[in-house]
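Have a look at this one.
Residues: numbered from 1 along the sequence shown. What you see below is based on every heavy atom in this structure, not just the backbone, and it leaves out hydrogens, waters and symmetry mates.
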Amino acid sequence: MSRFGRWLLLMMVVAFGCRLGAAVARDALVAPEGRWERAYEIGSVARALVDGRGFSDPFLAETGPTAVVGPVQPWVRATLHRLAGSEEKAWPWTIVFELIVSSLVVGATALLAREVFDERVALVAAAAMAVHPVLVLAASGYQGASGLFALVVPLVVLALLRLETADESVRPRAVATLALLIGLSFWIEPLLVPALGCWWLTLVVRRRWDLVKTGALAGMAGVLLASPWAVRNTVALGEPTYLRSWGGPELWLGALAGPGEPTPIAHHPSRNPGELRRMQEIGEAAYAREKTAATGRLIADDPGRWMASCTWRYGVVWLGRASWWSSVDHPLWSGPASALRGLAHALPAVVGLSGLALAWRRRTGRGAGLLLLVLLAQAIVPAMTHVEARYRQPLESLLVIGVAAVLVWLGDMIAAGRRRQQ
């Protein structure tokens, strides 16, 4: 094994150790008392699978077949549940699974950083990801689909970059790899569409006609790989639903909130008995269609308010909310240390985006522009719905690469200054 490989393996071990230590310190290996806190929609669907009700009931009530979440994570949880014999016995193993996935993200980040910059940046990025306080705590906190999605994102970006730089002899393999990863990402969470679409449009603008064709081919192949899930959703919900049904209700929540206002989560079916009953009466697909229409009306009534709200939430993705900088209780940071959470959220964004932009302008990283594009495009998704800190976790690896590049540049500048002084 090369020196780079040994260091990378060490960083993944360190990452797992840090995350496991945090899980033990927070008693995260013990199942929470409240059933809703056990992975939320994903845990609820997994419970329905184990109980024989099929892929259904995402809100701890019988609402019928669902496509609120992707299938991978509930299936994993249901499998662990069956193997362990009970939800309580399976809970520690689901946490360990999340910790392993979070540790693998360290390796994926390093591979992408090496492709974009060099091994030095890759090693610094791996070390930063291993001990990143938000990622360490989040791995044993909210158990959603963000962990697996965070692993897929740097791998997809790496495949995009390798497709752009591949010669004719290896391009078919690069296309196949990209298609497989796109298909996998759609089975987990179909949220990479904005980034992939923006990437493809840049190929058109740059007149990279060969890549326009191969990129479209990879995208169509990825969609084809995910088509069994779309067919299942259409059959189970009774109308074309594609990969996910919950876009309309999430956009509706975003349209309800004005600039600076918190997400009106009290209107969500998981919190609001009236909304839950409405969903049970008309079914998930009809409920989603109803909320999509309501979203259109809200936007049409006051488009300026909606655009201002999206702009505010876009800023929150990078800088966080003002409340995150205050000393308040929070699942990840509590007490006097809670203000650090705001800094831990904003600092990687400011430094990482600046570093990638500088590398792109100076052409010192061949894929820096691609990373910057994916970050800016992907942030549109939470900006249109509602922002929580965990929604940025899948993008954190790309930001950390930009931070690592800045740290390496600063190290080179300091070393050069010392040499001049000598």
*In Å, rounded to the nearest 0.5 Å, how long is the span from CG of Leu161 to CG of Leu178?*
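The distance works out to 11.5 Å.
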*Step by step, work out the side-chain contact (heavy atoms from CB on, under 4.5 Å) result for Glu239 and Arg289.*
CA-CA 10 Å; Glu239 60 182 81; Arg289 189 172 62 252; 2.6 Å; yes
*Flag, side chain of Arg392 to backbone of Trp318, donor-acceptor distance under 3.5 Å*: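 Pair found, side chain donor or acceptor close to backbone of Trp318.
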*Would Arg171 and Glu168 satisfy salt bridge (Lys or Arg N to Asp or Glu O under 4.0 Å), going step by step from the backbone distance to the final call?*
CA-CA 5 Å; Arg171 184 164 291 178; Glu168 292 296 331; 3.6 Å; yes
*Look at the side chain of Asp118 and the backbone N and O of Val121, then say whether any donor-acceptor pair between them is shorter than 3.5 Å.*
yes
*Find out whether His345 and Val134 are in side-chain contact, i.e. whether some heavy atom of one side chain is under 4.5 Å from a heavy atom of the other.*
no
_Within this structure, what is the CG-CZ distance for the pair Asn272 and Arg278, rounded to the nearest 0.5 Å?_
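Between atom CG of Asn272 and atom CZ of Arg278 there are 13.0 Å.
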*In chain order, what residues pass the ring pair (Phe, Tyr, Trp, His ring centres under 6.0 Å) check against Tyr287, with sequence neighbours excluded?*
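Tyr287 satisfies ring pair (Phe, Tyr, Trp, His ring centres under 6.0 Å) with Trp246 only.
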*Spell out, as yes or no, whether a donor-acceptor pair under 3.5 Å connects the side chain of Ser102 to the backbone of Leu99.*
no
*Return the set of residues passing side chain to side chain donor-acceptor pair (under 3.5 Å) with Ser309 (not counting sequence neighbours), or none when no residue passes.*
none
*Could you give the distance from CZ (Arg206) to CG (Leu211), rounded to the nearest 0.5 Å?*
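Rounded to the nearest 0.5 Å, the CZ-CG separation comes to 7.5 Å.
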*Please name the pair of heavy atoms, one in Val403 and one in Pro348, separated by the smallest distance, quoted to 0.1 Å.*
CG2-O, 3.6 Å
*Counting only N and O atoms by type, is there a donor-acceptor contact under 3.5 Å from the side chain of Arg47 to the main-chain atoms of Glu87?*
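Here the side-chain-to-backbone pair does not exist.
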*Counting heavy atoms not belonging to Arg173, are there more than 12 under 6.0 Å from its CZ?*
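Count not over threshold, so no.
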*Within a strict 4.5 Å, meaning less than it, do heavy atoms of the Val124 and Arg120 side chains meet?*
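No, side chains not in contact.
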*Answer whether the closest heavy-atom distance between the side chains of Met11 and Met129 falls below 4.5 Å.*
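Counting from C-beta outward, Met11 and Met129 never come under 4.5 Å.
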*If you measure from CG on Leu251 to CD1 on Ile299, what distance do you get to the nearest 0.5 Å?*
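Reported value, rounded in 0.5 Å steps: 7.0 Å.
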*Indicate the atoms forming the closest heavy-atom contact of His267 with Glu275, along with that distance.*
O-CG, 3.1 Å
*Closest approach of Leu225 and Ala179, non-hydrogen atoms and distance?*
CD1-O, 3.6 Å
*asked:* Is there a side-chain contact between Glu189 and Pro394 in this structure, where contact means two heavy atoms from C-beta onward sitting under 4.5 Å apart?
replied: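 With C-beta onward as the side chain, the pair stays apart.
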_Trp91 side chain to Pro32 backbone, donor-acceptor under 3.5 Å_ =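 No, the answer is negative, given that no donor and acceptor are paired below the 3.5 Å cut-off.
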*Is it the case that Gln73 and Glu41 place a side-chain donor and acceptor less than 3.5 Å from each other?*
no
_For a side-chain contact (heavy atoms from CB on, under 4.5 Å) check, start with the C-alpha distance between Arg162 and Leu158, then their side-chain angles and the critical distance, and finish with the verdict._
CA-CA 6 Å; Arg162 287 182 173 174; Leu158 178 61; 3.7 Å; yes
*Distance in Å, Phe149 CZ paired with Ser185 OG, rounded so as to fall on 0.5 Å steps*: 6.5 Å
*State, with a plain yes or no, whether a side-chain heavy atom of Ile182 is found less than 4.5 Å away from one of Leu192.*
no
*Quick one: are Trp187 and Leu243 in side-chain contact, heavy atoms under 4.5 Å?*
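Contact flag for Trp187/Leu243 side chains = no.
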*Kindly say whether Phe16 contributes a backbone atom to a donor-acceptor pair with the side chain of Ser103 at under 3.5 angstrom?*
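Pair found, side chain donor or acceptor close to backbone of Phe16.
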*What closest approach, in Å, do Phe55 and Leu49 show between heavy atoms, and which atom pair accounts for it?*
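Taking every non-hydrogen atom into account, N-CD2, 3.6 Å.
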_Heavy-atom pair of closest approach, residues Asp57 and Ser44_ =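 In terms of heavy atoms, the two residues are closest at O-CB, 3.4 Å.
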*Are any non-hydrogen side-chain atoms of Leu372 and Leu398 less than 4.5 angstrom apart?*
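With C-beta onward as the side chain, the pair stays apart.
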*How long is the span from the CG atom in Leu155 to the CG atom in Leu160, to the nearest 0.5 Å?*
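Leu155 CG to Leu160 CG: 11.0 Å, rounded to 0.5 Å.
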_Tell me the closest heavy-atom pair linking His386 and Thr263, and the distance in Å._
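Heavy atoms of His386 and Thr263 come nearest at CB-OG1, 2.9 Å.
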_Polar side-chain atom of Arg114 near backbone of Ala122 as donor-acceptor pair, under 3.5 Å_ = no
*Taking Ser245 for the side chain and Thr241 for the main chain, is one N or O donor matched with an acceptor at less than 3.5 Å?*
no
*Should we say atom CH2 of Trp7 is surrounded by more than 12 heavy atoms from elsewhere, each under 6.0 Å from it?*
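Count not over threshold, so no.
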*May I ask you to decide if the ring planes of Trp75 and Trp229 are parallel, tilted or perpendicular, using 30° and 60° as cut-offs?*
perpendicular
For residues 357-367, tabulate all N or O donor-acceptor pairs below 3.5 Å that involve a side-chain atom, not counting sequence neighbours.
{"residue": "Arg366", "atom": "NE", "partner": "Glu115", "partner atom": "O", "Å": "3.1"}
{"residue": "Arg366", "atom": "NH2", "partner": "Glu115", "partner atom": "OE2", "Å": "2.4"}

*Quick one: do Cys198 and Leu201 satisfy side-chain contact (heavy atoms from CB on, under 4.5 Å)? Show the steps, please.*
CA-CA 5 Å; Cys198 289; Leu201 288 176; 5.5 Å; no
*Run through Met307, Arg305, Arg313 and flag the one making a side chain to side chain contact (heavy atoms under 4.5 Å, CB included) with Pro259.*
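Testing Pro259 for a side chain to side chain contact (heavy atoms under 4.5 Å, CB included) against Met307, Arg305, Arg313 leaves exactly one candidate, Arg305.
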*Quick one: does Ser2's side chain have a donor or acceptor within less than 3.5 Å of a partner on Gly5's backbone?*
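Between the backbone of Gly5 and the side chain of Ser2 there is a qualifying donor-acceptor contact (under 3.5 Å).
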*Counting only heavy atoms not in Trp93, do more than 12 fall under 6.0 Å of its CH2?*
no
_Step-by-step side-chain contact (heavy atoms from CB on, under 4.5 Å) determination, Leu148 to Val152_ = CA-CA 6 Å; Leu148 278 173; Val152 168; 5.7 Å; no
*So with a 6.0 Å cut-off around OH of Tyr242, is the heavy-atom count from everything else above 12?*
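Atom OH in Tyr242 is not crowded, with 12 or fewer foreign heavy atoms closer than 6.0 Å.
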*Are the side chain of Ser56 and the backbone N or O of Pro65 linked by a donor-acceptor pair below 3.5 Å?*
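Answer holds: no.
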*Find out whether Met279 and Phe59 are in side-chain contact, i.e. whether some heavy atom of one side chain is under 4.5 Å from a heavy atom of the other.*
yes
_Less than 3.5 Å apart, any donor N or O on the side chain of Trp199 or Glu164 sitting next to an acceptor on the other?_
yes
